[in-house]
Peer 1: 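Shown below is the structure under consideration.
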Amino acid sequence: MSGNIHDRHRERLDIKVAKEGLEFLEPHEQLEYILFTVIPRANVNEVAHKMLRRFGSLAGVFNADVEQLMEFKGIGDRAAKFLKTLPALLGITERNLKYHKPPRLFTMEEITAYASTFFYGKMLEEAYLFSLNSSFRLRSVIKISKGGETHTYITPKQVVRRALWDNAAVVLIVHNHPSGNPKPSYEDIALSRQLNDAFAAVDIKFLDSVIISGQESYSIRGNGYLKKVKNLKDFEGEYEIQLI
């Protein structure tokens, strides 16, 4: 009998979505409707309310770790992983709608608009190699590292090898700062300088190292950190550069 009650609730939500649109449902109803896809029979009303209370919003639910999501009764591995894919799906959809051919990535506006779509919902640092041709048009995107909340591990040898394998003429490195602050760390600057030298040695142009944080971005080249310097000092998160 209870199953029939749940079925009618789902039918009512189906009708509501058809008439009003998913965007006009209450947040718990939106989450319920999404969960219907991977939880075909059970009542998900209670768990939707609990998840929203804990994480604050749909975005908070989607940004939670799989392990955190699985702490809720009725949310198994499949459902948790499905919820985690939704921000990435949003990025894929945006790229498909906006770009009908590989984009040209040269200005910070072009780079930020495209690259930011790879970091929707990412709570850990990740780094991508954007391989470009000589006209700065995108050839491929390769994930080169997935790290923690405050760092990601990359070696110049690893990145140069991938760029050579892809026959890149120009490369762009992009990583995110989930903290919300796009300013580079000392390690970000030091690695970018190493990459700049490493790519010069194999005759590949190193366009930039860019940090994405939400809607903000930071160009390490554009802020002068790839120029030759006498010293680079780290003090309380700030950097003092003496240009030669």
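All values derive from a computational prediction rather than experimental measurement.
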Peer 1: Side chain of D208, backbone of V210: donor and acceptor closer than 3.5 Å?
Peer 2: no
Peer 1: Report yes or no: does E125 contribute a side-chain atom to a donor-acceptor pair with the main-chain N or O of P178 at less than 3.5 Å?
Peer 2: no
Peer 1: Is it the case that the side chain of K84 and the backbone of A64 share a donor-acceptor pair, with hydrogens and angles ignored and the cut-off at 3.5 Å?
Peer 2: yes
Peer 1: Is it true that K73 and E46 make a salt bridge, defined as a side-chain N closer than 4.0 Å to a carboxylate O?
Peer 2: no
Peer 1: Over 60° means perpendicular and under 30° means parallel, so classify the ring planes of Y114 and Y99, tilted if in between.
Peer 2: perpendicular
Peer 1: I'd like to know if the side chain of N63 and the backbone of A59 have a donor-acceptor N/O pair within less than 3.5 Å.
Peer 2: yes
Peer 1: Using 0.5 Å steps for rounding, measure from the OG1 atom of T112 to the OH atom of Y218.
Peer 2: 13.5 Å
Peer 1: Determine, step by step, whether F206 and I173 satisfy the side-chain contact (heavy atoms from CB on, under 4.5 Å) criterion, reporting the C-alpha distance in whole Å, the side-chain angles of both residues, the deciding distance to 0.1 Å, and the verdict.
Peer 2: CA-CA 8 Å; F206 183 56; I173 301 295; 3.6 Å; yes
Peer 1: Is there a side-chain contact between R10 and Y33 in this structure, where contact means two heavy atoms from C-beta onward sitting under 4.5 Å apart?
Peer 2: no
Peer 1: Passes side-chain contact (heavy atoms from CB on, under 4.5 Å), L69 versus F55? Steps please.
Peer 2: CA-CA 10 Å; L69 295 173; F55 299 117; 4.0 Å; yes
Peer 1: With rounding to the nearest 0.5 Å, note down the distance linking CG in L35 to CD1 in I75.
Peer 2: 5.0 Å
Peer 1: Under the side-chain hydrogen bond (donor to acceptor under 3.5 Å, both in side chains) criterion, do E32 and H9 qualify, and how do the steps go?
Peer 2: CA-CA 10 Å; E32 283 185 80; H9 176 60; 2.7 Å; yes
Peer 1: Under 3.5 Å, is there a donor-acceptor pair between the T93 and N96 side chains?
Peer 2: no
Peer 1: If hydrophobic clusters are built by linking Ile, Leu, Val, Met, Phe, Trp and Tyr wherever their side-chain heavy atoms come under 4.5 Å apart, do F199 and V174 end up in the same one?
Peer 2: no
Peer 1: For L58 and P27, which heavy atoms make the closest approach, and how far apart are they?
Peer 2: CD2-O, 4.2 Å
Peer 1: Quick check against the 3.5 Å criterion: does S57 have a side-chain atom that pairs as donor or acceptor with the backbone of G60?
Peer 2: yes
Peer 1: Indicate if M51 and L22 have the same hydrophobic cluster label, given that clusters are the connected sets of ILVMFWY residues with side-chain heavy-atom separations under 4.5 angstrom.
Peer 2: yes
Peer 1: Are the side chain of S213 and the backbone N or O of N181 linked by a donor-acceptor pair below 3.5 Å?
Peer 2: yes
Peer 1: Would you indicate whether K81, at its atom NZ, is surrounded by more than 12 heavy atoms from other residues, nucleotides or ligands within a distance under 6.0 Å?
Peer 2: no
Peer 1: Looking at CG of N133 and CZ of R104, how far apart are the two atoms once the value is rounded to the nearest 0.5 Å?
Peer 2: 10.0 Å
Peer 1: Tell me whether K16 is salt-bridged to E20, with the criterion being a basic N under 4.0 Å from an acidic carboxylate O.
Peer 2: no
Peer 1: Can you measure from OG (S145) to CG (L129) and round to the nearest 0.5 angstrom?
Peer 2: 12.0 Å
Peer 1: Please state whether the rings of F119 and Y128 are parallel, tilted or perpendicular, taking 30° and 60° as the class boundaries.
Peer 2: perpendicular
Peer 1: Check whether any side-chain N or O of N196 sits under 3.5 Å from a backbone N or O of R193 as a donor-acceptor pair, and report yes or no.
Peer 2: no
Peer 1: Looking only at atom types and distance, does a side-chain atom of R137 sit under 3.5 Å from a main-chain N or O of L105, one as donor and one as acceptor?
Peer 2: no
Peer 1: Distance-only, no hydrogens or angles: does the E94 side chain make a donor-acceptor pair with backbone N or O of G91 under 3.5 Å?
Peer 2: no
Peer 1: Output yes when D166 and R162 qualify as a salt bridge under the 4.0 Å nitrogen-oxygen rule, no when they do not.
Peer 2: no
Peer 1: Are V171 and L207 packed together at the side-chain level, in the sense that at least one heavy-atom pair is separated by less than 4.5 angstrom?
Peer 2: no
Peer 1: Is there side-chain contact between L164 and I204, with heavy atoms separated by less than 4.5 Å?
Peer 2: yes
Peer 1: Just checking, R95 and F118: is the charged tip under 6.0 Å from the six-membered ring centre and within 45° of the axis?
Peer 2: yes
Peer 1: Treating Ile, Leu, Val, Met, Phe, Trp and Tyr as nodes and any side-chain heavy-atom pair under 4.5 angstrom as an edge, say whether F36 and L31 lie in one connected cluster.
Peer 2: yes
Peer 1: Between N43 (side chain only) and N45 (backbone N and O only), is there a donor and an acceptor less than 3.5 Å apart?
Peer 2: yes
Peer 1: What I'd like to find out is whether the side chain of L132 reaches to under 4.5 Å of the side chain of F106, using heavy atoms alone.
Peer 2: no
Peer 1: Enter the distance from M123:CE to N176:CG here, rounded to the nearest 0.5 Å.
Peer 2: 10.0 Å
